[in-house]
Amino acid sequence: MQRLGVFVCHCGSNIAATVDVAKVAEMALMEPGVVHAEDYQYMCSEAGQAKIAEAIKEKNLTGIVVCSCSPRMHEATFRKAAERAGLNPYMVEIANIREHCSWIHKDMEEATKKAVILMRAAVAKVNLNTPLQPGESRVTKRALVIGGGIAGIQTALDIADAGYEVDIVEKTPSIGGRMSQLDKTFPTLDCSACILTPKMVEASAHEKINIYTYSEVEKVSGFVGDFTVDIRKKARHVDMDKCTGCGVCQEKCPSKKAPSEFNRGLNKRSAIYTPFAQAIPNVPVIDCDNCIKFKTGKCGICAKVCQAGAIDYEQQDEIVTQKYGAIVVATGFDTINLEKYDEYAYSQSPDVITSLELERVMNAAGPTHGHLERLSDGKAPKEIVFIQCVGSRCSDDRGKPYCSKICCMYTAKHAMLIRDKYPDVNVTVFYIDVRTPGKNFDEFYRRAVEQYGVNYIKGQVGKVILQPNGKLLVQGADLLDNRQILKEADMVVLATAIEPNPDVRKIATMLTASIDTNNFLTEAHAKLRPVESPTAGIFLSGVCQGPKDIPETVAQAGAAAVKAIGLLAKDKLLTNPCTAKSDELLCNGCSTCANVCPYGAITYEDKEVNDHGIREVRRLAVVNNALCQGCGACTVACPSGAMDLQGFSNRQIIAEVDAICR
Amino acid sequence: MQEIINRAKELLADGTVARVLGWKAGDLPYNPEPAYFENAEALSDFVYNGFCGANLSKYMIEASKLEGKTLVFLKPCDTYSFNQLIKEHRVDREKAYIIGVGCKGKLDIEKIKKAGIKGIESIEGAEISDAAETLKIQTIYGEKEMAYADAMLERCHVCKGKEHQVYDELIGESKETKDAELFAEVERIEAMSPEEKFAFFQNELSKCIRCNACRNACPACNCRKCVFDSTKFDSAQKANVDTFEEKMFHIIRAFHVAGRCTDCGECSRVCPQGIPLHLFNRKFIKDIDELYGEYQAGEDTESKAPLTNFTFDDAEPSIVGKRG
Amino acid sequence: MFKIAKENLSALFQLIAEKQELYLPVKAAGQTNFAAWDKDAQVDLDTLKTVKSAKDAFFPQSENLYNVTKKEKKMHIEPGALKEQDFVVFGMRACDVKGVEVLDRVFLADPIDSFYAARREHGTIVAMACHEPEETCFCKVFGIDAAQPASDVAAWMIGEDLYWKALTEKGEALTEAVKELLTDADEAPVEEEKEAVHAIVEKLPYMNLSLEGWNGDALKEKFDSPVWEELYKPCLACGTCTFVCPTCQCYDIKDYTAGESVFRYRCWDSCMYSDFTMMAHGNNRNSQMQRFRQRFMHKLVYYPANNDGMYSCVGCGRCVEKCPSALNIVKVVKAFQDQGGEK
Amino acid sequence: MSIENKEFKPKIVAFCCNWCSYAGADLAGSSRLTYPADVKIIRVPCSCRVNPMFILRAFEKGADGVIMCGCHPGDCHYSTGNYYARRRMTLLFSMLDYIGVENGRTRVEWVSAAEGVKFSDTMNSFVEKIYSLGENVRLGDLRCKR
């Protein structure tokens, strides 16, 4: 039998003006288990807490109820006070008689009655409380960053600089990501490669950073502080240690028909290739699908020309298993597939391109060596039309409902750069809204309009028609002038919506991190915990969480790093004791609970039990306390009631229900 | 039937299986019981006829714990239950040798008796090999006849089909028996006013004697200890009062098997008071089909059950009452 | 011997119900069970066996023993009310009447169960002879005459008349109370009916069931028989047999918390249930075989051992009809015969 | 709000998830947005912690209405809890409707931590509904009514 104390707070007049606090205390003494009840001006004050401590010690209390403000306000305060007095902090329950009672009811009698019922419910619950102890788990002082774009690189650098080992896993043959494909960056027009390359070099040279390129995360198990990850290092067929990066193999490779991923398929590359000149590592890979040696068994030229003897056709995929304390997801984005937007003639004319393709066209290392020209005939365009929001802010299922955020600014950048370099080219931009929040962003856009004479038309484009003369007829509307526009253009650039890298779904499943309807990873709290996943130990960096430009990505990458560092700096983690717990004798081992667990916290073990004399080996659910966050989904999924939630047990909640309904 | 027995003898003889789980002839024409047969001699009591309604899949939970394989005979509808038990890790597929047996609809002795036929001495036409459409029933009070279809269990009139979902081999032909709409009864109740609905269920459930036959026969109710027998929810009341307990029990039972119930109909078959318990389960099946897409529990062993699954744009609970 | 025309039965029921409570077989939602009579009740005297026996009339499935009410921190105990109102149970069969005798030996033996005793004291049984016994019946095996129930009033439905004969003082009193509706009758049709019924009984399949070897002295040999291990296997551990049985008398005592008061009630329990003998230390019957064995050992060995050889089975055959796995006491007895369990 | 039956004081249980709806109720309180005292809130970590047995239990013991509030779908603190809760409650409510319990005695509402107004509006309209339905006679245990 519990010995309970009930402490009723006046909260000055916040509670006492509407609730007869003395009456609540008096009624509390009638409740089972209650041996002490008192009311006081401010229970949360030093003096109030001292009263609680005194009562706990003097009356040997085994549990307390504080009738006061919301537990969200002072539950922690009273738990600590109880703990200082020698009581287990989980033997404390709060009856919320302020926010849920005194502040919303005017009639004293009515409010007092309700306060008594809330007190009874809390007493009924605490009667069934049991002392809970937070568990401890160890922290592996190593972080994994999935994705080697600017977000991943920045996060890795920040974590490494704090002194922790970091592994970057990058799917493609080189780190660098989308930023490496950009020509210039807004709003300062720096050369993208110029600011990115030093970061790439720094990462590869950092003694605490280990980069796995051409590699993918295969399997994740474990939990915050103690993840175990299998990384598949895909066979490169080039020995990383031997290769000198001379590039002869690529020159001599007879198969040069593969579309270059780096140049968005606008030109071709060899079957053995490094994606771009500044690639890190500067070690090529053999694309087996296009390699003659792999397809026919004949060729082998690269091996012959390689003086370092680095070519290894026999190389196999390798699985590396590593332990991590924290995982940062930085998987970035891609542009959406435009097959549902046939009206823009993207698939019909090579002169209709996406903005990302335009980046490559304008880049000196790109397919046109930086010359602005039509990809169909190589002629210099005179009239360029930009179409905004292609697939963004879309109300039907062809595109995305969200704003891709970066398009307004990069289009202003492209328009400005074109007008600067080719003053005779007319640039027209069709837009729904121009969105330029951000430091120096609106100034930048205004320069494009005012200084560079870019023609902005508020209105949407209904259709782009490829004409027999090779030109493109753009049919649009000017909403401000309320007129239809027909414009002949040499090139059309589509500000294509961005979407999370399609691989993120697979990764989210492995990490039991949640993703939203648009495949962006969900943050633990939209405002207050924007770089943490709801799954402990998983952090979010860059566009995988939502559309961002480079400065925002870098800022978030740093923030994710700080959160990861905060975790890695700990030697042990205290775990929330209000976790699910399975009763071995009732468990069916049916896996229903594991199927609804968002954290992968439930596993199964074959275990011998003694069920009232029957000894047998049974398949039983085991909850990992470090992973379990205490949501309770499993407890309802479990038909036998074997799974229960400590701190919010079935019987506790039922006791509250009964107390309220009695 | 002889073919089945011969095959069972073979499998026992060659050591493929250690025992046979089937039905044993009863002492009345209509009461065969589920039984284990350990040797060829015992199989002389084996029977498979229209009264072998019992779903043996649940017995395989215990059989899975025994040494060696058990040969089990499953009717098409029983195999759904077996699959569901595999999915829930309650039976071991490796411990079962499944012979799918044909089915031409199972008989309900209660229906025969409700037709006023009593003093039954023998029944002709219930054998699986009989092609007869009519049962010839010899009683102390004279010879009676009843159409086979009229004596069939409710579940056979809404049969899911005669395809076995899991088996090692098949023996025997089946005959299609579906002649009623699966959801017709549920729809009839849905169309009632709240007062009529309440009266209907009050009437039916007030017959409940809390014997737990429905639960204990149900292959989905396979908990080692039912929540209504444990102290976990303070729900083990057992009282037979005509106000609430039966409703609580039957609603929660239906809820616990929602998305797992294969609609095998055992609950209604075994209810001593003839309560149409399948109406609860079938309501959930209908709701699941309508709200979350068609789902047949036990069709496979992998798919996510409707209640351990969701989509981002599932219907809101407020849809209840708004639907036609 | 009296009689009353079938068509006047509702007038009879009305008359009885004016002074006393009346329980009789009523059909509701397709099933016939004993229930309180009212003028809208669909009385069903044709169904031979109600699903549940009439046991409820004397030993209800749930019965409140006392209430505890909390006033401040003090407990107030209020005992459950004993039956004070006279009542009539109409339409029981000979087997069910014998079942009451089985219950009497349990509840009226010292210490007397006051709830049961009060009900027995206030209850009058009008039992009907069976007209068309069924294949599941085997009352004769226990020496019961289906055509002559040993009740307060015995009744026979013959043609369009119900014949009525008081056998006890209570029966006489009831007869007196309803005399206005009864007319004198000749015994001959009843004797004829009895003979006809006896002839049918002889034809029933279970008539030759032998209980030889089942008695209070057979404890060890029956208990240790390997036959149980085979027999119990199909048992689903439900309580159907127990709850439809006219003689099963085990109950559990539980508390129901309702707001400020607690109801301590008893309700039927079943030895087939896994928590039946659950105690603080565990369960002394931890397999279904043991539980299954218990039920039949009790009916055929333990009870006779304590009650002058009287079995606590009356051959009503309800378990034969209702067991979901087609198990029953007859199969048990036969299995021992076949296996030579008693040799 | 018009309450005609002044004698009838309903018992209403509100299950609120800790992260959104309980905080929403707190916000309603600190904003002094009133709703009838008939509503009593039980804090649960997540709407997915609400077992149908709790709801039936409340009715059994004499509740006249039960409402469950959780984070908006997509905003669950535990990422997916309310999606499971949504299916469970939909089916449970459908079953209650099917057995003839008046529609409206049960409700689910998604209330975020920022929606104090929505919380009090929801409670006001729910209580009004329960007043219009009157006492719960179909699900209660008679022993609790004595």
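Side chains are part of it too, since the values below use all heavy atoms of this structure and drop only hydrogens, waters and symmetry mates. Per chain, numbering begins at 1; letters A, B, ... match sequence-line order.
- With a 4.5 Å cut-off on non-hydrogen atoms, Asn103(D) touches chain B through its side chain but not through its backbone.
- Residue Glu60(D) touches chain B through both its backbone and its side chain, counting heavy-atom pairs closer than 4.5 Å.
- At a 4.5 Å heavy-atom cutoff, the contact between Arg86(D) and chain B is made by backbone and side-chain atoms alike.
- Contacts between Ser193(B) and chain D at a heavy-atom distance below 4.5 Å are absent for every atom of the residue.
- Side chains of Val108(D) and Ser318(B) form no contact here, defined as non-hydrogen atoms less than 4.5 Å apart.
- Under the 6.0 Å distance and 45° angle rule, Arg87(D) does not count as a cation-pi partner of Phe310(B).
- Side chains of Asp287(B) and Met95(D) form no contact here, defined as non-hydrogen atoms less than 4.5 Å apart.
- Taking CG from Leu291(B) and OG from Ser94(D), the interatomic distance works out to 7.0 Å, rounded to the nearest 0.5 Å.
- By number of non-hydrogen pairs under 4.5 angstrom with chain D, the leading residue of Asp313(B), Ile288(B), Leu205(B), Thr308(B) is Thr308(B).
- Considering only heavy atoms from C-beta on, Leu279(B) comes within 4.5 Å of Tyr98(D) through its side chain.
- With a 4.5 angstrom heavy-atom cutoff, Phe280(B) touches chain D via backbone and side-chain atoms both.
- Rounding to the nearest 0.5 Å gives a distance of 9.5 Å between NZ of Lys247(B) and CG of Asp141(D).
- Within 6.0 Å of CD in Glu187(B) there are more than 12 heavy atoms belonging to other residues, nucleotides or ligands.
- Minimum heavy-atom separation, Met89(D) to Pro317(B): CB-CG, 4.1 Å.
- A distance of 11.0 Å separates CD1 of Ile99(D) from NE2 of His250(B), quoted to the nearest 0.5 Å.
- With rounding to the nearest 0.5 Å, the separation of CD1 in Ile251(B) from CG in Leu91(D) is 12.5 Å.
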Tell me, with the steps shown, if Met248(B) and Leu139(D) meet side chain to side chain contact (heavy atoms under 4.5 Å, CB included).
CA-CA 9 Å; Met248(B) 176 91 156; Leu139(D) 282 179; over 6 Å; no
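- With a 4.5 angstrom heavy-atom cutoff, Pro73(D) touches chain B only via side-chain atoms.
- Rounding to the nearest 0.5 Å gives a distance of 9.5 Å between CG of Leu307(B) and OG1 of Thr90(D).
- The distance from atom CZ of Phe255(B) to atom CG of Leu56(D), rounded to the nearest 0.5 Å, is 9.5 Å.
- The pair Glu195(B)-Arg138(D) counts as a salt bridge, with a side-chain nitrogen and a carboxylate oxygen less than 4.0 angstrom apart.
- Shown here for Tyr84(D) and Lys304(B), the closest heavy-atom pair between the two residues is OH-NZ, 4.4 Å.
- Side-chain atoms of Phe233(B) and Arg57(D), non-hydrogen and from C-beta on, never get closer than 4.5 Å to each other.
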